[in-house]
Amino acid sequence: MKLMLKTLLGFILFGLSWQINAAISIEITEGVEGAIPMSVVKFETRNLPVRLKADISSIITNNLNRSGVFKVLGNDKYPSTPHYSKDVNYAKWRAIGQEYLVVGRVLSKTAGELDVQFQLLDVLKKKQLLGYSFPVKLRNVRATAHEISDLIYQKITGIRGAFNTRIAYISAKIGKTSKYVLQVADTDGFNPQTVLESDEPLMSPSWSPDGSSLAYVSFENKRPEIFIQHLASARRSKVTGFKGINGAPNWSPDGKKLALVLSKDKSPDIYIMNVSTKKLTRLTKHRSIDTEPVWTDDGASLIFTSDRSGTPQLYEMRVSGGKPKRITFEGRYNTAADISPDGKNIAMVYGGGGSYKIAQLERESGNITLLTSDNLDESPSFSPNGRMVLYASTQGNKGVLYMVSLDGQSRHKLSDQAGDIREPVWGPYKKNRR
Amino acid sequence: MNRIVTIAAVSFLLLAACTPQQDEIENQTEESANEAQQEMDGMDSATPIADSDTQASALEDEALSAQELLEQEDSPIASRVIYFEYDSAKVNDESMALLEAHGDFMSSNGNVNVILNGHADERGSREYNIALGDRRAQSVRRILLFQGASTGQIESVSYGEEKPAVFGHDEESWSKNRRVELEYQVR
């Protein structure tokens, strides 16, 4: 039995009703057993000539809690509200079990520019671990709060933080007149920006590895076609418009190729397109469904979904050719793979019949761990540091986005967005790091 | 009266179209052979409609225009949605009879085009559902072609789960969403 229910304990605590598809929602853990206790004091802003719309400390708090690594104490329980390390009475924070403390302030620098300062303090050692001062334009305060979250996360865990990145997703309103919108937002769901709007379906966004562009499927001409759009300039071009399916574009790690699906030669097969020359190479040739290709981290192979065995399962194939090798054997529905940046794990949709959950497949051992507990979960996408999986679920009559930690223990819904949200994809790290 | 006449005409043509293609079936792939077998089964059940009296009068009757036939509320081609089982593109007997009528209508009306819009229910991954919707449209297409429609008359587009007909999250809704819709255009 390869299927390991690591999260079983949690399910027992909430009753086993998830197994019988009862309409319950598992409580979302606000922090997990073993999460590091810390506090983030509200940043001082009283010397500013304007009021900040973004609350830096609560953005940091939400980020750190969402990671599952930290448990940030509610600020009503704080013994005091210091803004500088010199004002911190470490003993009091130690007495309430805190290991780390973040203090900070926002100062007015020049016209239109702020100075955001923060300090990460080790409560037990009574010393500063990090201290930064950021010159920040008013409109970039949110991004700075995410950047601070990344620095804190990395200092304590040793793993690069992925809060200051972006996600793309499709928002839809379906009815007599339908609207499909491709959007890009911060990782906490805030700051949504529209990339493209259409009356016909938009699907399957894929980030270029440099984060500058998105490939996606648009039905704007009443049939599926694949486009690439440069985000900053909004310049876009159609890359395929063959008869039949044009779908599932996925960018190669070097950014030079797209894996995609075409059915121009009858059944849907996997192709690789050279992005600059548009030259196509056919990779699979099978009368079954072959779809949802994703590149492995080394760019040497693709993992894709095929129902050649009778049920949809994941297969791996060298891009140089050869015979596809089946890699999932547990369960009758394993699809929509995403590969972790280190190449060690695959997140996928696992299920069949009435239940579709997100599972993690450890490639070396073949072990499968369920990460989610709802019945209509789909579109898993790894964070660039591989510690979280972003996915879509259904709540009432609309799609919502969730993030779950790789151990399945911390699961958080992204802030409520308008519309029916689906197909989230986590973008790469931003390049211009301080 | 016109209605009965139409049904009879359709059935008659349907029988006529059936026989000459027998040889071809043998050369098909296994899948096509199965489809073909389904078609044969479907035809058996459709045959009793062909009553010899009405058949005779059908031949004398002036044919209706394609547009008129499409607008008739009670005609055999009034129903334009084919439903499917979970993760399946197999056309059931009832739908087979309906598609025979559509295929025959297309073969006798060369000025008619159809777009087959394939759909899936919301469960599972979206691109796999695109492929499922496509497979459903292709199986409808094969039947229409076998029935005498020409390749130039048929286009297909799969929308996967992107355009549900019904919005619920239960089998009753899902069964209405796993479908192929026939969208006619008269040139």
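Chain A is the first sequence line, chain B the second, and so forth, proteins listed ahead of strands; every chain is numbered from 1. Source: prediction; values computed, not measured.
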I'd like to know which of [options] tops the heavy-atom pair count under 4.5 Å against chain B.
| options | answer |
| --- | --- |
| A/Thr291, A/Ile289, A/Val349 | A/Ile289 |
| A/Val261, A/Thr335, A/Thr305, A/Val217 | A/Thr335 |
| A/Glu423, A/Lys222, A/Met203, A/Lys266 | A/Met203 |
| A/Asp290, A/Asp307, A/Asp377, A/Leu202 | A/Asp307 |

Honestly, the part of A/Ile174 sitting under 4.5 Å from a heavy atom of chain B is both

Honestly, the part of A/Thr394 sitting under 4.5 Å from a heavy atom of chain B is side chain

Does A/Glu200 pair with B/Lys163 as a salt bridge, N-O distance under 4.0 Å?
-> yes

If you tally heavy-atom pairs under 4.5 Å between each of B/Asp87, B/Asn117, B/Ile130 and chain A, the highest tally belongs to B/Ile130

**Message:** Donor-acceptor pair, distance only, cut-off 3.5 Å: does the side chain of B/Tyr128 make one with the backbone of A/Ser306?
**Reply:** no

| request: Would you indicate whether the side-chain heavy atoms of A/Tyr333 and B/Ser125 approach each other to under 4.5 Å? | output: yes

**Report entry** B/Glu122 side chain reached by A/Arg422 side chain, heavy atoms, under 4.5 Å
**Finding:** no

Quick check: are there more than 12 heavy atoms from other residues, nucleotides or ligands sitting under 6.0 Å from CD of B/Glu171?
yes

